[in-house]
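Take a look at the structure set out below.
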Amino acid sequence: MLGTLSLLVIFGVTRSWAVDYEMLIEDPDIYSRCTEGPPDSITVQEAFDLDDLTIAMESDILHVSGNVTAKWEVHPTDRIVARVDILHFNRGTWDPTVFSMVTQDFCSVMYDRNQYWFKYWTTYVTNRHEVVHQCLSTGTILVHEPFDVRLKMMNYRGPELRGRYKMMITLKAFDKNLPRPSSICTEIRGEFLKA
Ligand SMILES: *[C@@H]1O[C@H](CO)[C@@H](O)[C@H](O)[C@H]1NC(C)=O
């Protein structure tokens, strides 16, 4: 999930010159409660036991290691819809940007090498052969080998990034087509600075 910060890298499209940006994360806990999340949503801290996870911030690098245990009430056969939206703070409100991504069946692509989830996160899950069928269901332990997330975007060629942004991540689970009682919503807020 952390690694999705790096997603921004892919969104650069057409601009004649490239810029490097660094992201400064506002919240020392990284995962903030959503300010406009769905009414049924719980936080990352409520959905996962993060006691055995260590995230150390060192300038523009996050050093991540340790384990995460799912507490979220979800079954292994549920379908999980994952959505990432990037919003920009403008005169007191969070406005949508063109940057968003929806994955209709997160569990089926969680370990797919072509997916950003894999490249920036699940590739570092060492027990994936155990958890591949459990996905994020209650009690699943994701064991990570230590990895770094760089909060730097090199050669960005999109529209200029100015001021505060947030990445809003939502996960919704469906049993057949019935939604489970709680979804997860979290946001990572920060500011982009030209590096
Ligand atoms: C993570 O889980 C593995 C396997 O159960 C265990 O060996 C390791 O000590 C755990 N690490 C932490 C930081 O809890």
Side-chain angles (χ1 to χ4, degrees), residues 1-11 27 29-53 64 66-89 93-144 149 165-189:
M1 224 173 286
L2 270 174
T4 52
L5 281 172
S6 317
L7 270 184
L8 282 170
V9 178
I10 61 159
F11 291 124
D27 186 344
D29 290 334
I30 302 167
Y31 296 110
S32 309
R33 179 181 289 275
C34 288
T35 51
E36 298 107 23
D40 67 350
S41 61
I42 60 174
T43 64
V44 161
Q45 292 83 353
E46 287 163 335
F48 299 99
D49 181 341
L50 304 177
D51 290 352
D52 294 328
L53 185 76
V64 186
N67 302 343
V68 171
T69 306
K71 296 190 287 181
W72 192 23
E73 277 205 51
V74 162
H75 292 233
T77 53
D78 287 0
R79 182 170 61 90
I80 296 176
V81 179
R83 186 180 172 102
V84 179
D85 290 286
I86 295 175
L87 296 97
H88 177 222
F89 194 70
T93 57
W94 288 101
D95 295 339
T97 68
V98 296
F99 307 133
S100 71
M101 186 178 94
V102 183
T103 303
Q104 293 298 339
D105 189 354
F106 171 77
C107 296
S108 73
V109 299
M110 195 176 172
Y111 297 107
D112 176 342
R113 316 187 148 265
N114 300 316
Q115 297 279 329
Y116 294 100
W117 305 107
F118 181 79
K119 196 167 169 205
Y120 296 113
W121 172 33
T122 54
T123 186
Y124 304 106
V125 172
T126 57
N127 63 334
R128 65 172 165 272
H129 300 296
E130 272 166 55
V131 304
V132 71
H133 301 296
Q134 292 166 244
C135 194
L136 301 178
S137 60
T138 323
T140 303
I141 304 176
L142 301 162
V143 180
H144 298 94
V149 180
Y165 286 82
K166 71 180 180 184
M167 180 178 296
M168 185 171 161
I169 301 161
T170 54
L171 297 171
K172 283 182 198 292
F174 295 87
D175 171 22
K176 308 283 186 287
N177 284 315
L178 284 179
R180 292 285 177 194
S182 59
S183 61
I184 299 173
C185 186
T186 191
E187 46 195 43
I188 301 169
R189 294 194 277 263

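- At distances below 3.5 Å, at least one donor-acceptor pair connects side-chain atoms of N127 with backbone N or O atoms of V143.
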- Working for side chain to side chain contact (heavy atoms under 4.5 Å, CB included), residues V64 and Y124: CA-CA 10 Å; V64 186; Y124 304 106; over 6 Å; no
- Message: Run the side chain to side chain contact (heavy atoms under 4.5 Å, CB included) test on Y116 and T103 for me, step by step, so that the C-alpha distance in whole Å, both residues' side-chain angles and the decisive distance to 0.1 Å come before the verdict.
- Response: CA-CA 11 Å; Y116 294 100; T103 303; over 6 Å; no
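- Considering every non-hydrogen atom in both N177 and R79, the closest pair reads OD1-NH2, 3.8 Å.
- Across all their heavy atoms, D40 and P181 have their closest contact at CB-O, 3.5 Å.
- Between I188 atom CD1 and D29 atom CG the span is 12.0 Å, to the nearest 0.5 Å.
- Interatomic distance, CD1 of I141 versus CD of Q134, reported as 9.0 Å (0.5 Å rounding).
- Note: Q45 CD to S32 OG = 8.0 Å, rounded to the nearest 0.5 Å.
- Under the 4.5 Å side-chain criterion, counting only non-hydrogen atoms from C-beta, L136 is not in contact with V74.
- Note that OG1 of T69 and CG of L53 are 10.0 Å apart. Values are rounded to the nearest 0.5 Å.
- T123 pairs by the side chain to side chain donor-acceptor pair (under 3.5 Å) definition with nothing, not counting sequence neighbours.
- Nearest heavy atom pair, residue S137 against residue H75, reads CB-C, 3.6 Å.
- For D95, the side chain to side chain donor-acceptor pair (under 3.5 Å) partners are N90, T93, not counting sequence neighbours.
- Within the 4.5 Å cutoff, the side chain of H133 has no heavy atoms near those of the P76 side chain.
- Note on residues 168-180: pairs passing salt bridge (Lys or Arg N to Asp or Glu O under 4.0 Å), not counting sequence neighbours, are D78-R180, D175-R180.
- The shortest heavy-atom contact between F106 and C135 is CD2-SG, 4.2 Å.
- In this structure, T138 contributes its side chain and W72 its backbone to a donor-acceptor pair below 3.5 Å.
- When every heavy atom of R189 is checked against every heavy atom of W94, the shortest pair comes out as CD-CZ2, 3.8 Å.
- Taking the side chain to side chain donor-acceptor pair (under 3.5 Å) definition, one finds that T122 meets it with nothing, sequence neighbours left out.
- Note that CD of Q115 is 13.0 Å distant from CH2 of W121, once rounded to the nearest 0.5 Å.
- Annotation: the span from E46 atom CD to C185 atom SG amounts to 11.5 Å, rounded to 0.5 Å.
- Inter-residue side-chain proximity for H144 and V125 is flagged as met; some heavy-atom pair is nearer than 4.5 Å.
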- Candidate pair Y31 and T43, rule side chain to side chain contact (heavy atoms under 4.5 Å, CB included), full reasoning: CA-CA 8 Å; Y31 296 110; T43 64; over 6 Å; no
- Item | Trace of the side chain to side chain contact (heavy atoms under 4.5 Å, CB included) decision for W117 with M110 | CA-CA 6 Å; W117 305 107; M110 195 176 172; 5.8 Å; no
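- Partners of E130 according to the salt bridge (charged side-chain N to carboxylate O under 4.0 Å, His left out) rule, which considers only residues two or more places apart in sequence or in another chain, do not exist here.
- Contacts of R128 classified as side chain to side chain donor-acceptor pair (under 3.5 Å), with partners at least two apart in sequence or in another chain: none.
- The backbone N or O of I86 lies less than 3.5 Å from a partner atom in the side chain of T97, making a donor-acceptor pair.
- Side-chain contact check for T35 and K166: at least one donor-acceptor pair (N or O, by modelled atom type) lies under 3.5 Å.
- Contact record, I184 with A47: CD1-CB, 3.4 Å, taken as the closest heavy-atom pair.
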